[in-house]
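Quick note: residue numbers are just sequence positions, from 1. Predicted, not measured: the structure shown is a model, and the values here were computed from it.
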Amino acid sequence: MVRSRRCCSRDRVEEAEGTIGASEAVSICGSITRSDEPATQAAPRIHDEFARQNVHLALIVPFCPNADEPICRTKRGTVVPRSNAAVAACVAVSLAIGLIVRRLHIAAGMRRGDPAVIDAKRKRNKRFANKMVTRVGRAGRPHSVFGIVECTGRRTGRPYSTPIRVVEQPDSFIVPLTYGPKTSWYVNLRHNPGVLRWQGRPVPVGNPTPVPTTAVSHLLPPPSRFLLWLDGTDQCVRLHKLSETAEVAPRHDDTE
């Protein structure tokens, strides 16, 4: 049986009996309200006081004086965050960084013309992005920045429709050529005229003419210019408006 001192406050020392296997032992309970205080102030003072008293074993249990404080709470003698806001913030930041890194990797592949990266992005857009743009972005409807180009497959003869980013001009439309000159709708329009569903009305279009992105970038909004620069898209297409009396094909939901 050894004698131990238990300090439950800064101004009171109580004598107690204990069975701690050390010649002199002490336990301290107290509060630390600043996270940097244990390392910078409290710990050195505690160490010096114990050394002066020849204490061989110390049990220190930190806790928050007010359990309702959002900073921390006690759980089995350990100070832990009271809310999960910090954890959620860390997860959100990690996900954001991961998405940014992945997007930069795709952009690097687009810039160097990697066929595997371009084809993978095209497939993802067909499966997910095109549907989101059509439904959420209200492509082809009033007040939308997206249109739907409808054309006939050059090989199959089937009708196809694809949502695209459009900037209207008096006699034409400017469309970024994201996947280069092998983009399906662009090649199809070179063989047959098509229809652009734009602002709730069908507009016959044809005679697609490639133009350098640098020549029409001033017509595009800043977000579009940034994405074109990021992916290294150096070509756009000018879709010329055809006669309003031209026959308009019915709308279909397939894409090519």
Nearest heavy-atom contact between Leu228 and Cys236 is CD1-SG, 4.4 Å

Does atom CZ of Arg225 have more than 12 heavy-atom neighbours from other groups under 6.0 Å away? yes

Please find the pair of heavy atoms, one from Ala139 and one from Ile148, that lie closest to each other, and give the distance. O-CD1, 3.6 Å

Where Leu242 and Pro193 come nearest, the two heavy atoms and their spacing: CD1-CB, 3.8 Å

Is there a path of hydrophobic side-chain contacts, each under 4.5 Å between heavy atoms of I, L, V, M, F, W or Y residues, that connects Ile164 with Leu177? yes

Whether Gln199 side chain and Ser144 backbone form a donor-acceptor pair below 3.5 Å: yes

Interatomic spacing from OG1 in Thr134 to CZ in Arg141 - rounded to 0.5 Å: 9.0 Å

Quick one: pull up NE2 in His218 and CG in Leu220 and give me the separation to the nearest 0.5 Å. 9.0 Å

Verify, without hydrogens or angle tests, whether Asn207 (side chain) and His240 (backbone) share a donor-acceptor contact under 3.5 angstrom. no

Using a strict 4.0 Å threshold on nitrogen-to-oxygen distance, state whether Lys121 and Asp114 make a salt bridge. no

Hey, is the main chain of Val136 close enough, under 3.5 Å, to the side chain of Lys131 for a donor-acceptor pair? no

Are Leu219 and Val175 joined in one hydrophobic group, where the rule is that I, L, V, M, F, W and Y side chains link up if heavy atoms are under 4.5 Å apart? no

For side-chain contact (heavy atoms from CB on, under 4.5 Å), just list the numbers for Thr152 and Asn188, CA-CA rounded to whole Å, side-chain angles, deciding distance to a tenth of an Å, and then say yes or no. CA-CA 6 Å; Thr152 303; Asn188 289 336; over 6 Å; no

With a 4.5 Å cut-off on side-chain heavy atoms, are Phe173 and Lys241 touching? yes

Distance, nearest 0.5 Å, that separates OG1 of Thr183 from CD of Gln235: 9.5 Å

Above 12 or not: heavy atoms from other molecules or residues under 6.0 Å from CZ of Arg112? yes

Can you see which heavy atom on Arg165 is nearest to which on Val145, and at what distance? NH1-O, 3.3 Å

Got a second to check how far Ile100's CD1 is from Arg103's CZ, nearest 0.5 Å? 11.5 Å

Where do Thr162 and Asn130 land on the side-chain contact (heavy atoms from CB on, under 4.5 Å) test, with the steps shown first? CA-CA 7 Å; Thr162 305; Asn130 286 359; 4.3 Å; yes

Looking only at heavy atoms, what is the nearest atom pair of Ser217 and Thr214, with distance? OG-O, 3.6 Å

As an exercise, state the distance from CG of Leu196 to CH2 of Trp185, rounded to the nearest 0.5 Å. 9.5 Å

Between Val101 and Val93, is there a shared hydrophobic cluster once you connect ILVMFWY residues whose side-chain heavy atoms come closer than 4.5 Å? yes

Supply the atom-to-atom distance Arg122 CZ to Arg127 CZ, rounded to the nearest 0.5 angstrom. 14.0 Å

Which heavy atom of Leu189 sits nearest a heavy atom of Pro208, and at what distance? O-CD, 3.6 Å

Are side-chain N/O atoms of Thr209 and Arg238 paired as donor and acceptor at under 3.5 Å? no

side-chain contact (heavy atoms from CB on, under 4.5 Å) between Met110 and Thr178: does it pass, once the steps are laid out? CA-CA 9 Å; Met110 297 287 290; Thr178 307; 4.2 Å; yes

If Ile, Leu, Val, Met, Phe, Trp and Tyr residues are connected whenever their side-chain heavy atoms lie under 4.5 Å apart, and connections chain through other members, are Phe226 and Leu104 in the same group? yes

Using distance alone, with no hydrogens and no angle criterion, decide if Asp119 and Tyr179 have a side-chain donor and acceptor under 3.5 Å apart. no

Any cation-pi pair here, Arg111 with Trp229, using under 6.0 Å and within 45°? yes

Val166-Ile174 co-clustered via ILVMFWY side chain contacts under 4.5 Å: no

With heavy-atom distances below 4.5 Å as the criterion, would you say the side chains of Leu95 and Val91 are in contact? yes

Do Arg201 and Glu168 meet the salt-bridge criterion of a basic N to acidic O distance under 4.0 Å? yes

